[in-house]
Peer 1: 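One structure coming up, written as structure tokens, with questions to follow.
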Amino acid sequence: MIYIKTSQLYTPAPIPGDTAVLIEENRIVAAGPAAEVPCPPGARLIDATGFLVVPGFIDLQFNGGFGADFTAEPATIWQVAAQLPRYGVTAFLPTIITSPLSRVSQAQEVVVYGRPAGYRATVPLGLHVEGPFLNPQKKGAHNPAYLRQPDLGVVADWSPEQGVRLVTLAPELPGALPMVEALAGRGVLVSAGHSMATYAEAMAAFDAGIRYGTHLFNAMPNLLHREPGLPGALLTDDRPVAGLIADGIHTHPAIVRLIWACLGSQRLNLVTDAMAALGMAPGMHLLGDFEVQVDATSARLADGILAGSILALDQALRNLMAFTGCPLPQALATITTTPARALSLAHSLGRIAPGYNADLVLLDSELTVRNTIVAGEVVFAAA
């Protein structure tokens, strides 16, 4: 057993005064005021006085990091995942961008059957397959050689049980809506992205089962007052959650404030879209098939197109608060309860409550990660 004592516990609303969390094996068995959650004899005590104890962070779009790119080398998923606790990430979706379909199959094998013996770190929940069913006009950093029209036969084994949790596609493509219906029917979260969808086409996609939008405003048509397009649909329809790269580069801070006003914590999900350069020095790094020039703030192709990011999820949290002035509990929801709910995992992830996975992060007063706990084990401790 592990007993965590703190004075600031987010469950997800903060509980004032002395509080505690009791963990048995990989589950939370009690959380609340310390007077109601006594420390059992023999439990390991973690004194988190002065720290904020919050749910573990969940990143739904992560292409790679620490020099490794998942699309180029799916086998690197676990080694990269082992380093993510430093950013407070306890669960994530390794993202495979447009590539030969065999690459998706390889990545499915890795996440379903490739867990290393004795592994204790950030957990891949399944893949985010971003492409190949994208609009060539909004391909971004995806290789156009591998783009293709929707084909139900291609996705016959795409399901959470077979390692696919989230699929991004352009819903305006011929045959896209039957694919949306098929994938959603299997429990896959289907997202609209890299798309030129009109407002009407986006609404038809939501009716078919799309419940997410990939990196809002990026690789989408412009928001216009007479044709709001996909961005307008994502901002105003109550059904989808929208992913946002809150680095101040992919989306201007003023637009982040607008998004927050429209979506709030229930429909906004911060993602990083991080690529191989995360945690590395500036220079040339890989994203899929392309060499990407990385400087101190951004990652770009030779023509200047943004190619993923070098954003960490804890920094995205701090950015959202700085850009919008929103309070910590609401900001936390965008990387905890909201992504868990979007993936239909709200019964086990994203909260500090009895029965939930023992995935926790200890933050200092500057919201810097000090400790990360995954499945009841301390997997990161800052020096």
Side-chain angles (χ1 to χ4, degrees), residues 60-64 68-78 80-81 92-115 124-197 205 208-210 212 214-215 219 243 271 273 275-276 286-292 301 307-308 343:
L60 300 193
Q61 187 166 11
F62 188 89
N63 304 291
D69 177 79
F70 298 150
T71 302
E73 297 181 89
T76 62
I77 286 172
W78 292 99
V80 171
F92 79 118
L93 299 187
T95 300
I96 305 298
I97 68 170
T98 301
S99 55
L101 293 169
S102 60
R103 207 67 54 81
V104 177
S105 299
Q106 292 171 27
Q108 287 176 274
E109 288 285 326
V110 170
V111 298
V112 175
Y113 304 111
R115 187 185 183 105
L125 299 172
L127 302 174
H128 175 176
V129 183
E130 188 183 2
F133 315 111
L134 309 179
N135 192 314
Q137 295 181 64
K138 290 293 181 181
K139 62 181 177 59
H142 291 243
N143 190 336
Y146 301 123
L147 295 177
R148 57 186 299 160
Q149 297 296 306
D151 179 346
L152 283 172
V154 168
V155 302
D157 68 341
W158 290 13
S159 68
E161 295 76 18
Q162 293 300 314
V164 176
R165 285 274 182 188
L166 171 58
V167 172
T168 294
L169 53 75
E172 71 276 16
L173 296 180
L177 297 189
M179 179 175 285
V180 171
E181 293 170 353
L183 290 170
R186 296 180 207 144
V188 175
L189 177 61
V190 188
S191 178
H194 289 274
S195 165
M196 286 295 293
I210 279 183
Y212 196 82
T214 295
H215 42 54
V271 299
D273 199 20
M275 48 84 71
L286 196 65
L287 179 63
D289 290 336
F290 297 128
E291 288 276 328
V292 178
L301 299 179
L343 293 178

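From a predicted model like this one, the values you see are computed outputs, not experimental measurements.
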Peer 1: Quick one: does any side-chain atom of His128 pair with a main-chain N or O of Pro94 as donor and acceptor, under 3.5 Å?
Peer 2: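 Side chain of His128 to backbone of Pro94: no pair is present.
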Peer 1: Counting neighbours of CD on Glu73 that are heavy atoms of other residues, nucleotides or ligands and sit closer than 6.0 Å, is the number greater than 12?
Peer 2: no
Peer 1: Stepwise, does the side chain to side chain contact (heavy atoms under 4.5 Å, CB included) test hold for Gln149 with Phe133?
Peer 2: CA-CA 6 Å; Gln149 297 296 306; Phe133 315 111; over 6 Å; no
Peer 1: Passes side chain to side chain contact (heavy atoms under 4.5 Å, CB included), Val80 versus Phe70? Steps please.
Peer 2: CA-CA 9 Å; Val80 171; Phe70 298 150; 3.7 Å; yes
Peer 1: Taking all non-hydrogen atoms of both residues, which atom of Thr168 and which atom of Leu134 are closest, and how far apart?
Peer 2: O-CD2, 3.7 Å
Peer 1: Has the side chain of Trp78 got a donor or acceptor atom that lies under 3.5 Å from a matching backbone atom of Val110?
Peer 2: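 Yes; at least one donor-acceptor contact below 3.5 Å.
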Peer 1: Just checking, any donor-acceptor pair under 3.5 angstrom between side chains of His194 and Glu130?
Peer 2: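 Yes, because at least one side-chain N or O of His194 sits under 3.5 Å from a partner of the opposite role on Glu130.
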Peer 1: Using the side chain to side chain contact (heavy atoms under 4.5 Å, CB included) rule, take Val154 and Leu101 through it: C-alpha gap first, then chi angles, then the decisive distance, then the call.
Peer 2: CA-CA 8 Å; Val154 168; Leu101 293 169; 3.5 Å; yes
Peer 1: Is there a donor-acceptor pair closer than 3.5 Å between any side-chain N or O of Thr214 and the backbone N or O of Ser191?
Peer 2: no
Peer 1: Any idea which heavy atoms bring Thr98 and Asn143 closest together, and the distance?
Peer 2: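 Residues Thr98 and Asn143, closest heavy atoms: CG2-O, 3.7 Å.
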Peer 1: Shortest non-hydrogen contact from Pro171 to Leu169?
Peer 2: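 Looking at all heavy atoms of both residues, the closest pair is CD-O, 3.4 Å.
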Peer 1: Donor-acceptor check, side chain of Gln108 to backbone of Gln162, threshold 3.5 angstrom: yes or no?
Peer 2: yes
Peer 1: Donor-acceptor pair, Thr76 side chain versus Pro74 backbone, under 3.5 Å?
Peer 2: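 No, Thr76 side chain to Pro74 backbone: no donor-acceptor pair under 3.5 Å.
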Peer 1: State, to 0.1 Å, how close Pro178 and Leu152 come at their nearest heavy-atom pair, and which atoms those are.
Peer 2: O-CD2, 3.9 Å
Peer 1: When you measure from the side chain of Thr71 to the backbone of Ile96, do you find a donor-acceptor pair of N or O atoms at a distance under 3.5 Å?
Peer 2: no
Peer 1: Do you know which two heavy atoms are closest between Pro136 and Leu147, and how far apart they sit?
Peer 2: CA-CD1, 3.8 Å
Peer 1: So, the side chain of Arg165 versus the backbone of Leu189: is there a donor-acceptor pair under 3.5 Å, distance only?
Peer 2: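 Absent.
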Peer 1: State, to 0.1 Å, how close Ile97 and Ser99 come at their nearest heavy-atom pair, and which atoms those are.
Peer 2: O-OG, 3.0 Å
Peer 1: Evaluate the side-chain proximity of Val167 to Trp158: yes if any heavy-atom separation is below 4.5 Å, no if none is.
Peer 2: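 Yes, side chains in contact.
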Peer 1: Does Leu125 form a side chain to side chain contact (heavy atoms under 4.5 Å, CB included) with Phe92? I'd like the steps, not just the answer.
Peer 2: CA-CA 6 Å; Leu125 299 172; Phe92 79 118; over 6 Å; no
Peer 1: Could you state the interatomic distance from CG (Asp151) to CG (Leu173), rounded to the nearest 0.5 Å?
Peer 2: 12.5 Å
Peer 1: Looking only at the side chains, is there a donor atom on one of Gln61 and Asp273 sitting less than 3.5 Å from an acceptor on the other?
Peer 2: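 Gln61 vs Asp273: donor-acceptor pair found between side chains.
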